[in-house]
There are 2 protein chains.
Amino acid sequence: MPKTPRNKSGPKRRSECPLNASVEMLGDRWSLLIIRDMMLRGFRSYKEFLECYERIATNILADRLRRLTTNGIIQASPDPTDGRKLIYSLTAKGIDLAPVLTEMVLWAAAHENTGNQALVRQMQSDKGKFLAGIRERWENGGGSRSGNE
Amino acid sequence: MPKTPRNKSGPKRRSECPLNASVEMLGDRWSLLIIRDMMLRGFRSYKEFLECYERIATNILADRLRRLTTNGIIQASPDPTDGRKLIYSLTAKGIDLAPVLTEMVLWAAAHENTGNQALVRQMQSDKGKFLAGIRERWENGGGSRSGNE
DNA sequence: AATGTTACTTGCAAAATGCAAGTAATAATT
DNA sequence: AATTATTACTTGCATTTTGCAAGTAACATT
């Protein structure tokens with residue numbers, strides 16, 4: 001029987017829709033969680049991520065941090081008090097993901113039984129203020145640990 | 001030498017943060033693209049998805065449609081004019097993903113060279129109106145392609 | 001110099017994925 | 001009624017990706 005391949009027809013213009021770019025950078029199991037924990041929990045070091053995600057493999061974590069850095073979402077700088085450490089922080093591009101995360105959290109909270117109702121209520125009651133707070137904390141001081149957990 | 005595992009310490013309360021639920025349902029390469037194309041391009045059938053995503057495998061597409069259905073984001077109903085077909089449509093939960101998609105598109109548009117500037121400008125100029133339009137189209141008529149019905 | 005910590009890399013088994021090739025259920029055509 | 005085509009999948013298998021234990025280089029501390 002002759003071959004009758006099914007997937008050869010569509011034109012598939014990459015990045016025709018902007019969402020393709022987002023999915024390429026964030027469409028996996030870990031990237032958004034890493035960004036969330038930098039943004040909301042103030043995670044800065046490899047060790048914090050490794051100990052937090054019980055199931056993430058060390059090489060996967062290293063790869064995701066590298067990819068997020070390559071994509072300009074986070075940046076790594078040496079710790080001045082300890083030459084061995086790298087301090088990871090969000091770039092402006094990374095901070096701009098706050099609205100995406102917020103909408104995802106609100107969506108899940110509306111349709112699932114999720115935890116951390118305090119955070120959800122804070123987002124719901126004044127979304128703009130919540131986002132402004134995140135931006136402010138990151139723009140001066142480079143992202144201190146917030147009260148959200 | 002004794003084992004010294006690295007990943008056994010963190011408590012890792014699942015769904016402590018609502019984002020975990022979102023990532024479990026949407027954190028892969030295809031799910032959000034499927035939702036986007038149902039929402040913005042009016043895709044309804046297995047065949048449309050298969051021909052559009054040049055690189056998606058048939059079993060992966062079937063799996064993602066099944067998972068999205070299981071998660072209550074889309075639903076499948078038989079086509080009354082052709083008993084062989086299934087018509088996929090967004091549920092209320094799926095429609096509620098519009099703000100997430102919108103923020104992702106706007107984020108990518110702000111930081112990458114993405115296509116479809118018309119869509120982006122429409123989102124930017126009046127986000128609320130854009131979202132209302134999507135909801136309206138889906139709430140009466142089950143999501144027509146454009147001005148149908 | 002010995003020991004500990006950090007931020008990785010390596011090796012390998014297991015799981016997920018991609019792709020060609022089926023297949024059952026229908027529909028259209030002859 | 002038989003033939004052909006289409007849809008919406010499933011199956012089998014090779015390739016790729018991931019998870020985990022173990023190792024390591026570069027410091028830092030004692």
Side-chain angles (χ1 to χ4, degrees), chain A residues 1-10 12 14 23-34 37-38 43-70 74-89, chain B residues 1-10 12 14 23-34 37-38 43-70 74-89:
Chain A
M1 264 182 199
K3 291 180 178 184
T4 49
R6 300 280 180 97
N7 287 330
K8 291 289 160 56
S9 45
K12 156 76 176 329
R14 256 249 164 257
V23 170
E24 263 167 46
M25 288 187 275
L26 306 170
D28 71 276
R29 194 140 196 79
W30 299 108
S31 298
L32 280 170
L33 297 180
I34 290 170
D37 288 329
M38 295 181 76
F43 282 16
R44 318 304 295 282
S45 68
Y46 186 90
K47 190 192 175 193
E48 279 176 301
F49 294 117
L50 194 64
E51 288 179 352
C52 176
Y53 310 128
E54 193 181 314
R55 317 244 359 212
I56 196 171
T58 54
N59 56 342
I60 299 300
L61 176 57
D63 175 74
R64 292 303 178 275
L65 291 171
R66 198 185 312 122
R67 285 184 53 185
L68 288 169
T69 304
T70 300
I74 69 175
Q75 60 195 358
S77 53
D79 186 332
T81 72
D82 185 342
R84 301 168 299 178
K85 289 191 200 175
L86 285 174
I87 297 176
Y88 295 98
S89 59
Chain B
M1 263 182 197
K3 292 180 178 184
T4 49
R6 298 282 179 96
N7 286 331
K8 292 288 160 57
S9 45
K12 161 71 174 333
R14 253 251 164 254
V23 169
E24 263 167 46
M25 289 187 273
L26 306 170
D28 71 277
R29 197 141 193 76
W30 300 108
S31 297
L32 280 170
L33 297 181
I34 289 170
D37 288 329
M38 294 181 75
F43 283 15
R44 291 287 175 296
S45 67
Y46 187 90
K47 190 193 176 194
E48 279 174 303
F49 294 117
L50 193 65
E51 288 179 354
C52 176
Y53 310 130
E54 193 182 313
R55 318 248 355 218
I56 198 172
T58 54
N59 55 344
I60 300 300
L61 175 57
D63 177 73
R64 292 302 180 273
L65 291 171
R66 198 185 312 122
R67 285 184 52 185
L68 288 169
T69 304
T70 300
I74 68 175
Q75 60 196 357
S77 52
D79 187 333
T81 72
D82 186 341
R84 301 170 299 179
K85 289 191 199 173
L86 284 174
I87 297 177
Y88 295 99
S89 59

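Protein chains get the first letters and strands the later ones, always in sequence-line order, with residue 1 at the start of each. Small disclaimer: the values here were computed from a predicted structure and weren't measured.
- Contact annotation: side chain of T58(A) to base of dT9(C), donor-acceptor pair present below 3.5 Å.
- Counting all heavy atoms, side chain and backbone alike, R67(B) lies closest to M25(B) at NH2-O, 4.2 Å.
- One finds a side-chain N or O of Y88(B) lying less than 4.0 angstrom from the OP1 or OP2 phosphate oxygen of dC9(D).
- Of the candidates dC19(C), dT7(D), dT6(C), the closest approach to any side-chain atom of K47(A) belongs to dT6(C).
- Here dA15(C) presents its C1' atom at 13 Å from CG of D63(B), a figure rounded to the nearest Å.
- When rounded to the nearest whole Å, the span between CD of E51(A) and C1' of dA7(C) equals 13 Å.
- Of the residues near DNA chain D, D28(A) and S45(B), the one whose nearest nucleotide (by heavy atom distance) lies more toward the 5' end is S45(B).
- By the side-chain hydrogen bond (donor to acceptor under 3.5 Å, both in side chains) test, S77(B) pairs with no residue at all, sequence neighbours left out.
- Remark: C1' of dG18(C) and CG of L50(B) are 13 Å apart, rounded to the nearest angstrom.
- Computed from coordinates, the I56(A) CD1 to dT9(C) P distance equals 14 Å when rounded to whole Å.
- Distances were taken from every side-chain heavy atom of I60(A) (C-beta onward) to each of dT17(C), dC8(C), dT18(D); the shortest belongs to dT18(D).
- Note on R64(B): a side-chain N or O is less than 4.0 Å away from OP1 or OP2 of dT17(C).
- Applying the salt bridge (Lys or Arg N to Asp or Glu O under 4.0 Å) criterion to D82(B), with sequence neighbours excluded, gives R84(B).
- F43(A) approaches C52(A) most closely through the heavy-atom pair CE2-CB, 3.5 Å.
- Over its length, the helix from dA1(C)-dT30(D) to dT30(C)-dA1(D) turns its helix axis by 10°, as judged from the five terminal pairs at each end, rounded to 10°.
- Across every non-hydrogen atom of T58(B) and Y46(B), the tightest pair is O-OH, 3.2 Å.
- The separation between R29(B) atom CZ and dT17(C) atom P is 12 Å, rounded to whole Å.
- Taking the side-chain hydrogen bond (donor to acceptor under 3.5 Å, both in side chains) definition, one finds that R64(B) meets it with D28(B), sequence neighbours left out.
- Side-chain contact between D79(A) and L86(A): absent, with no pair of heavy atoms (C-beta onward) separated by less than 4.5 Å.
- Smallest separation of non-hydrogen atoms from I87(A) and P80(A): CD1-CD, 4.3 Å.
- Under the side chain to side chain contact (heavy atoms under 4.5 Å, CB included) criterion, T69(A) pairs with I74(A), sequence neighbours left out.
- The N59(A) side chain lies nearest to dG19(D) when the options are dG18(C), dG19(D), dA22(D).
- In this structure, the CG atom of L61(A) is 14 Å from the C1' atom of dC20(D), given to the nearest Å.
- Rounded to a whole Å, the OH atom of Y46(A) is 18 Å from the P atom of dC27(D).
- Between the CZ atom of F49(B) and the P atom of dC9(D) there is a distance of 12 Å, rounded to whole Å.
- We find the CD1-CG distance between I34(A) and L61(A) to be 5.5 Å, quoted to the nearest 0.5 Å.
- Using a 4.0 Å cut-off on heavy atoms, the residues of residues 79-87 of chain A that approach DNA chain D are D82(A), G83(A), R84(A), listed by number.
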